Amino acid sequence: MAQESQRFFNENEQDVLEEILLHRRDVRGNHFKKDSISKEDIDRILQAGLSAPSVGFSQPWEFVLIHDQKTKQAVKASFQQENEKAVHEFTDVKKQEYIKLKLEGVTEAPLNMAVFYKPKNEPVLGQTSMPNMGKYSVVCAIQNMWLMARSLNIGMGWVSILDPEQVKKILNAPSENQLIGYLCFGYTNMFYNKPELEIKKWDYKKLQEEVVIQEKYS
Ligand SMILES: Cc1cc2nc3c(=O)[nH]c(=O)nc-3n(C[C@H](O)[C@H](O)[C@H](O)COP(=O)(O)O)c2cc1C
C-alpha cells in the first residue's frame, strides 16, 4: 500500500498519457470491426471505470454489458426516432450537414454498454450542496473507460441521441437508475487524428486563450 502511494511517473510515461489523451476519439459505426472484444480487454476497461474518482467515494455507477443484437436493434430504433426529431432542430446548411453525419454505431459495435447513475437513499459526503455530483462521478468513470479503451486500440463512441426512459425499459433497469451514457465499443483499424466533427467542419477546436480566464471574469 505504502509502496503504491510512492509511485511517480517518468517523462516517457507522461508522454504516453498525453498521447492517449490527444488521440482519444469518438468512434462511430462505420469504423468498428466485427471481432468481439476479449474478456480480458473488457475487464481492463471496466476496472478503469471502477477506478474513477467519485463524490464521497460513493461509486454510484452500474454498467450493463450488451452483446445481444436484438437489444442493440431496439436501442437503435430509439436512436432513429430521436434523430428524426433532432434533424428539425437545425436549419439550412447545418440541417444538410447534420443529415450526412453518422452519429452512432449501436448495431455495428460488438459491445454496447449502458452506464447508469444509481442514487443512494442516504446523504452522500460532498453531494449535499451540489446534487449533480454523483452523476458527474459516473461521467468520470466513462472518461476513464474511454481512455483505457483507446490505450488498447479499442474505439468507443458515446451515443446520446436516445430516449433514456426507452433505453431503461429495454434493459429492465430499476426505476431509480438514471442513464448517463450509452457507449459502443469495438476494435477499429483507424482512429482520426482530429475530432471527426472538426474534420467535417461542424465546429472548430477552441483555443486555450478563448476559454481560460485569469483570476476573474471582467
Ligand atoms: C456527453 C457526450 C455525448 C456525446 N454524444 C454523441 C452522440 O450522440 N453522437 C455522436 O456521434 N457523438 C457523440 N459524442 C462525441 C462527440 O461528438 C465528440 O466527443 C466530439 O465531437 C469530439 O470528438 P472526439 O471525441 O473524437 O475528440 C458525445 C460526446 C460526449 C462527451
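Remember, it's 1-based here, ligands and their atoms both numbered in the order they're listed. Since we're looking at a predicted model, the values are computed, not measured.
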### Shortest protein heavy-atom distance from atom 9 (N) of ligand 1, along with the residue and atom involved
Leu103 O, 2.9 Å
#### Entry: Lys168 side chain to Ser175 backbone, donor-acceptor under 3.5 Å
yes
#### Entry: Heavy-atom nearest neighbour in the protein, as seen from atom 5 (N) of ligand 1, with distance rounded to 0.1 Å
Ser160 OG, 2.6 Å
### Query
Can you list the ligand 1 atoms lying under 4.0 Å from a non-hydrogen atom of Ile161?
8 (O)
### Task
Check for a donor-acceptor pair, side chain of Glu104 on one end and backbone N or O of Val159 on the other, with a separation under 3.5 Å.
no
### Query
How does Arg28 reach ligand 1, by side chain, by backbone, by both or by neither, if only non-hydrogen atoms under 4.0 Å count?
side chain
### Query
Is it the case that Lys94 places NZ or CZ above or below the six-membered ring of Trp202, under 6.0 angstrom from the centre and within 45 degrees of the axis?
yes
## Note on the structure
Ranked by distance from atom 2 (C) of ligand 1, the top protein heavy atom is Trp158 CD2, 3.6 Å
### Message
Could you check whether any side-chain N or O of Asn112 sits under 3.5 Å from a backbone N or O of Val106, counting only pairs where one atom can act as donor and the other as acceptor?
### Response
yes
### Nearest-neighbour protein heavy atom for atom 22 (C) of ligand 1, which is reported as residue plus atom name and distance
Pro195 CB, 3.8 Å
### Test item: Arg150 side-chain N/O and Leu21 main-chain N/O as donor-acceptor pair under 3.5 Å
no
### Message
For the 3.5 Å polar cut-off, considering only N or O atoms, please tell me whether Arg25 and ligand 1 meet it.
### Response
yes
### Message
Can you confirm whether some protein heavy atom lies under 4.0 Å from atom 20 (C) of ligand 1, or whether none does?
### Response
no
### Crowding at CZ, Arg24 (>12 non-hydrogen neighbours, <6.0 Å)
yes
#### Entry: For atom 18 (C) of ligand 1, the option (of Val27, Asp26, Leu21) bearing the nearest heavy atom
Asp26
### Message
Taking a cutoff of less than 4.0 Å between a non-hydrogen atom of the residue and any ligand atom, is Arg24 in contact with ligand 1?
### Response
yes
#### Entry: Short N-O contact, Asp26 and Arg28, less than 4.0 angstrom
yes
